[in-house]
Amino acid sequence: MKPTSASLHRASLAWIGHKRVAPRSLADAVTGFEDSDDFLLAPNAFDFDFYVVHLAQRGVRGIDLIRLIRRRSTAGLLVLGDEAEGEFVLALDSGADMVLRPDAPTDHLVAAMAAVRRRLQQQTAASAPASRPWTLLDAHATLLAPDGTRIPLSESDLAIVGCLADAEGGKVGRRVLMERLWGAEAAGGSTENALHATVYRLRKRIEQAGQPLVPVHAVAKVGYEFRAPLVRR
């Protein structure tokens, strides 16, 4: 069934950017801000239920604004930006839940917001303490979810999850992951883009296995972490 604006009505939406007028059908209360500076001066800037941020901003740049919002809020965050600007991956890495083109039609915005909210609701439900941790079965190249689901891992998946398991709940730097995947000479440029793509495939594999919570998360300016108990056998 196609999502309707009524299904999105929960409370408040902050629309930050001057390039396009905020569609009023997206939420019960839609507050438009001319730019990032205008938004940050608002007394309730971090109290909205959902945020739509244009990457192109007058004032604090869009990527930095995404990071500021994500530090203060766990609300849904949809970004409007042109992939050609080269900030698509950076926006996701900085905390955006989804990125769409600036000229995306309103029904695409409605569908994207509905998808983000469903995911947030599932993650909230799944964040209750689990009776069992995630388990990396090295010998079988398998990740065992707390509910018993066995997720086969590719060679690159195994390398990434192995690094995360070694960190014992800590953060793993991008360079460490790149060296584990492609050797000591791996660094920056296209290799970093390849790392983003590899982690994306791992997250997708876990999601397609039916897991409502994908615990592999990017850490801005650092690398990645596994936000759930993880052991190896």
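Predicted model only: the values in this text are computed from it and were never measured. Position 1 is the first residue of the sequence; numbering continues from there.
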Checklist entry - Is any side-chain heavy atom of R205 less than 4.5 Å from a side-chain heavy atom of S154? => result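 Touching, per the 4.5 Å side-chain cut-off.
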
Once you round to the nearest 0.5 Å, how far does [atom1] of [X] lie from [atom2] of [Y]?
X: L109; Y: W15; atom1: CG; atom2: CH2; result: 5.0 Å
X: T31; Y: N44; atom1: OG1; atom2: CG; result: 7.0 Å
X: F226; Y: L143; atom1: CZ; atom2: CG; result: 5.5 Å
X: L26; Y: S12; atom1: CG; atom2: OG; result: 12.5 Å
X: L78; Y: M113; atom1: CG; atom2: CE; result: 7.5 Å
X: L80; Y: L55; atom1: CG; atom2: CG; result: 8.0 Å

Nearest heavy-atom pair of [X] and [Y]: which atoms, and what distance?
X: S25; Y: T106; result: OG-CG2, 3.7 Å
X: D157; Y: T198; result: OD1-O, 4.5 Å
X: R132; Y: G148; result: NH2-N, 3.3 Å
X: L68; Y: L40; result: CD1-CD1, 4.1 Å
X: A218; Y: D93; result: CB-OD1, 2.8 Å
X: C163; Y: V176; result: SG-CG1, 4.4 Å

Checklist entry - Hey, mind stepping through R58 and D38 against salt bridge (charged side-chain N to carboxylate O under 4.0 Å, His left out) and telling me if it holds? => result CA-CA 9 Å; R58 298 181 307 186; D38 184 29; over 6 Å; no

Item to check | Donor-acceptor pair, side chain of Q57 and main chain of I16, under 3.5 angstrom | outcome: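 Indeed, once roles are kept as given, a pair shorter than 3.5 Å links the two residues.
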
Checklist entry - Distance-only, no hydrogens or angles: does the R180 side chain make a donor-acceptor pair with backbone N or O of I160 under 3.5 Å? => result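 Not confirmed, R180 side chain does not pair with I160 backbone.
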
Next on the checklist: Let's go through I66 and L90 carefully: what are the C-alpha distance in whole Å and the side-chain angles of both, what is the deciding distance for side-chain contact (heavy atoms from CB on, under 4.5 Å) to 0.1 Å, and is it a yes or a no?
Outcome noted: CA-CA 10 Å; I66 293 167; L90 188 55; over 6 Å; no

Item to check | Pair I69-V53, side-chain contact (heavy atoms from CB on, under 4.5 Å): steps then yes or no | outcome: CA-CA 10 Å; I69 293 172; V53 176; 3.9 Å; yes

Next on the checklist: So, using salt bridge (charged side-chain N to carboxylate O under 4.0 Å, His left out) as the criterion, who are the partners of R150 when residues are at least two apart?
Outcome noted: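 By the salt bridge (charged side-chain N to carboxylate O under 4.0 Å, His left out) rule, R150 matches no residue at all.
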
Can you hop from [X] to [Y] via hydrophobic side chains spaced under 4.5 Å?
X: V110; Y: L120; value: yes
X: V161; Y: L181; value: yes
X: W182; Y: L202; value: yes
X: V214; Y: L144; value: no
X: I206; Y: V219; value: no

Next on the checklist: I'd like to know if the side chain of Q211 pairs up with that of D147 as donor and acceptor (distance under 3.5 Å, no hydrogens or angles considered).
Outcome noted: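 Checked: Q211/D147 side chains pair up, N/O donor to acceptor below 3.5 Å.
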
Next on the checklist: Suppose the criterion is side chain to side chain donor-acceptor pair (under 3.5 Å): which pairs have a residue in residues 69-78, not counting sequence neighbours?
Outcome noted: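 Listed by first then second residue: R70-D97.
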
Item to check | Plane angle bin for F46 and F39 - parallel if under 30°, tilted between 30 and 60°, otherwise perpendicular | outcome: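 Taking F46 first and then F39, their aromatic rings stand perpendicular (interplane angle over 60°).
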
Next on the checklist: Does V172 form a side-chain contact (heavy atoms from CB on, under 4.5 Å) with D166? I'd like the steps, not just the answer.
Outcome noted: CA-CA 9 Å; V172 180; D166 290 342; over 6 Å; no

Checklist entry - Hey, mind stepping through I151 and W134 against side-chain contact (heavy atoms from CB on, under 4.5 Å) and telling me if it holds? => result CA-CA 11 Å; I151 305 169; W134 292 75; 4.1 Å; yes

Next on the checklist: Name the residue from L65, L92, V99 that meets the side chain to side chain contact (heavy atoms under 4.5 Å, CB included) definition with V79.
Outcome noted: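 Between V79 and the candidates, side chain to side chain contact (heavy atoms under 4.5 Å, CB included) is satisfied uniquely by V99.
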
Checklist entry - Y224 pairs by side chain to side chain donor-acceptor pair (under 3.5 Å) with which of R203, R174, K171, H196? => result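 When side chain to side chain donor-acceptor pair (under 3.5 Å) is applied between Y224 and each of R203, R174, K171, H196, only H196 qualifies.
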
